[in-house]
Amino acid sequence: MAFELMSGSQAAAVAVQRVGIDLVAAYPITPQTAIVETLANFEAKGELGGEFVSVESEYAALACCYGAAATGARAFTATSSHGLAYMHEIIHWCSGARVPIVMVNVNRTIGAPWSLDPDQGDSLSQRDTGWMQIYCANAQEVFDTVLQAYALAEELLLPCMVVFDGFYISHTYEAIDVAEKEEVRRFIGPPGFEAQVKPGSPGNTHALTTGENQLLLVRNRHETMLRAPAVFEEINKRFSDIMGRSYKIIDYVIPPGAKTVFLAAGSTSETVRWALPKLNNTGLIQLRMFRPFPAGQLRSVLAAHDVEKVIVVDRNCSTGMGGIFAQELRSALYEMENPPQVQDMILAGGVDLTFEMLEKILIPGPDESRTEDKWGVDLK
Amino acid sequence: MKIEELNRESEMLYSGHNACPGCGAALAVRYLTRALGPDLAIVLTASCWSIISGMPPLTALKCPILHCPFPSAGSVGSGVKRGLVAKGKPDTTVVVLAGDGGTFDIGLQALSGAAQRNEDYIFVCYDNEAYMNTGMQTSSATPFGARTATAPYPLFKAGQKKDIMQIMAAHSIPYAATATVAFPEDMEEKLKKAKKISGFRFIHILSPCPPGWGTESADTIQISRLAVNTGFFPLYEIRDGVSWEMTLKPDRSRIPLKEYLGAQRRFKQMDDRRIEILQEEVDHDWECLMEKVNTAD
Ligand SMILES: Cc1ncc(C[n+]2csc(CCOP(=O)(O)OP(=O)(O)O)c2C)c(N)n1
Ligand code: SF4
Ligand SMILES: [Mg+2]
């Protein structure tokens, strides 16, 4: 056990170095640059353990990872915002091709206009690309989740995106417990998944297929991803035995009798967690895994605690529909007998979540049943 | 080469593939896999060849093929080669196969990036001078005067063909060469040379396309030969971006370009004035090439 002071970005890079990587391909973008630079420094000192490829675009970075993973190699890339959007075609391709790549996305608003704050719309617009998505709330979670993501991805043969907020996490220094290489090795060995490109044996991999066959592939991918929570539990058990830390798909604190809970992903969940003791009888559900969406688990937790109202912190907005986490929750609750009300708190643009906003949204309006969605600006 | 001299054992293209009769691209890949095999892995981007390769579980080639999105070939090749090295298979020859669209246009950025990094694989562009898979639309490899689905009669491709070889030479890659299906020995020699060199290698293969060019399937070789003999598509190689050498020097003065153009329906709307424009362009390019060849030695 060794506590070290590092930023979320450094935590991600160190985890990649510890996991034993064959290939890193990346392209710089604020606020992800420290990840690329930390990995390049490992390379410069001969400590990366794999190849570092300075490519000419994010699209090339993920394409390069795809090629490497198709040979059975462990590959990594990291990006943010415009970089993630620029990769879109190949993000789809990687999940269809079932290559277990791990990619970090550091949340940042997509323009226009240019903006740097941590709107989650970049990763959430990749919702339907067939990647697993896990949102981290602090640097320790980032370090641990990158390690767990490789285990999960390689077990399910599905790529996994590890997501955290720009600046609030990427640039904030925290003392975190950094596992040494040997410890990490005990948790995850070298990649053992099957290569798709096998020299000496013919194969027409990912060539044109029929709609009928594609349907079977899509079903298989979907059903495989739905196994992620169960597989995650096994992985986490192994992880906690070695590291002494444990994670959940959704993490919650709901005081007895609390009727209102916040639902948040990423650094906003840390803000709410900090504020809870000062907020009258209110709970928190931290959404860690977003894909697959833990609809069943959310319903069980809400039902078991008789929650009457969920206030969703959405640092994003799907124009014409509203905050994305709220939409997903509402659709999950449709199957619930006495579903709680859902109120959305939209902090699109990546604006900061303040204690005052939390207090203000909890003040009941003139009509007690009001669940009108609120914009961050109106809660100041 | 005589038919009985062919070493059937080294053939890697199976019969029953999906190419049109007389397809230059199919022939090109037949020659290249024979020259570079058997330990070969192909990265294949969207193109006619995505169809020619067949529908799994069938395959047209006796080696692994990894399909990839249209703009990505150059980058996927980097990953495959480096991945194979990481996995203890450094000897497998990696070939990235792309059409002219996947090379000159949408794939140019990835190609340039990989060439600049001097990635250790062979990039092969089979050039049929248009987007054939999607129905003969104009690409930046389409020559001046040709009619395409996006420049239909009475329109024609107005700009000149992009000079991809100069672009590749400007990247100072260890080896680049042109080839075409009418000269299989020349092509084979270049590929075998390329195989022995490490770093980024680029082979540009002119591949006639009977339905796209408006020619008979039996005339593919004849058309390919005319392209060389009229000076429209010279055969040469470039080492390290600076050392240019002709591998076959036709006596161009005997065959006017008109003969090459007249044999293809895509040039049917070319009048004498346009033919002259293209002839002048070809003459000019030839002189520039000769200058490079002469200063190289
Ligand atoms: C991003 C993207 N845009 C468009 C297409 C459609 N498309 C597939 S193949 C092709 C043309 C390929 O042309 P070329 O590279 O010259 O190969 P050819 O078909 O001539 O063999 C196009 C436009 C695609 N697959 N992906
Ligand atoms: S359209 Fe042309 S390039 Fe494509 S398969 Fe047919 S002949 Fe070959
Ligand atoms: Mg073409």
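Below, chains carry the letters A, B, ... as their sequence lines are ordered, and counting in each starts from 1. Values below: all heavy atoms of this structure, side chains included; hydrogens, waters and symmetry mates excluded.
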Tell me, for [X] versus chain A, whether the close heavy atoms (under 4.5 Å) come from the side chain, the backbone, both or neither.
X	answer
B:E119	side chain
B:S78	both
B:P38	neither
B:L84	both
B:P71	both
B:C68	both

TODO: Name all residues meeting the ring-ring contact (aromatic ring centres under 6.0 Å, His included) criterion together with A:F239; count only those two or more places apart in sequence or in a different chain, and write none if there are none.
DONE: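 For A:F239, the residues satisfying ring-ring contact (aromatic ring centres under 6.0 Å, His included) (neighbours in sequence not counted) are A:F187.
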
Return the option, out of [options], with the maximum number of heavy-atom pairs under 4.5 Å with chain A.
options	value
B:A114, B:S75, B:A110	B:S75
B:G54, B:G74, B:A41	B:G54
B:A86, B:G113, B:P56	B:P56
B:P69, B:S72, B:G83	B:P69
B:K62, B:Q109, B:K81	B:Q109

Over 12 non-hydrogen atoms of neighbours within 6.0 angstrom of [atom1] in [X]:
X	atom1	result
A:E223	CD	yes
B:Q137	CD	yes
A:E212	CD	no

Open item on the list: The criterion is side chain to side chain contact (heavy atoms under 4.5 Å, CB included); which residues satisfy it with A:T30, sequence neighbours excluded?
Closed with: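 A:R108, A:L116, A:F167.
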
- [ ] Mark yes or no for whether A:N204, through its side chain, and B:L58, through its backbone, hold a donor-acceptor pair below 3.5 Å.
- [x]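 Yes; at least one donor-acceptor contact below 3.5 Å.
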
If you tally heavy-atom pairs under 4.5 Å against chain B, which of [options] wins?
options	result
A:A97, A:A60, A:P199	A:P199
A:G50, A:A73, A:C64	A:C64
A:V53, A:N213, A:T210, A:L62	A:V53

Open item on the list: Restricting to non-hydrogen atoms, name the atom on B:K87 and the atom on A:P191 that form the minimum distance, rounded to 0.1 Å.
Closed with: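 Closest approach of B:K87 to A:P191, heavy atoms only: NZ-O, 3.7 Å.
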
Open item on the list: Show the nearest heavy-atom pair for residues A:P202 and B:T59, with the distance to one decimal.
Closed with: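 Smallest interatomic distance, heavy atoms only, reads CB-CG2, 4.3 Å.
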
Open item on the list: Any heavy-atom pair between the side chains of A:T205 and B:P64 that's under 4.5 Å?
Closed with: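 A side-chain contact under 4.5 Å is absent here.
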
Open item on the list: Are B:L66 and A:Y66 packed together at the side-chain level, in the sense that at least one heavy-atom pair is separated by less than 4.5 angstrom?
Closed with: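 Sidechains of A:Y66 and B:L66: in contact.
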
Task: Test applied, side-chain contact (heavy atoms from CB on, under 4.5 Å); reference residue, B:R82; option that passes from A:D22, A:T71, A:L23 - done: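 Among A:D22, A:T71, A:L23, the one meeting side-chain contact (heavy atoms from CB on, under 4.5 Å) with B:R82 is A:L23.
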
- [ ] Counting only heavy atoms closer than 4.5 Å, note whether A:A207 contacts chain B via side chain, backbone, both or neither.
- [x]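 Contact with chain B is through both the backbone and side chain of A:A207.
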
Open item on the list: With rounding to the nearest 0.5 angstrom, report the CD to CZ distance, A:E56 to B:R117.
Closed with: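 These two atoms lie 5.0 Å from each other.
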
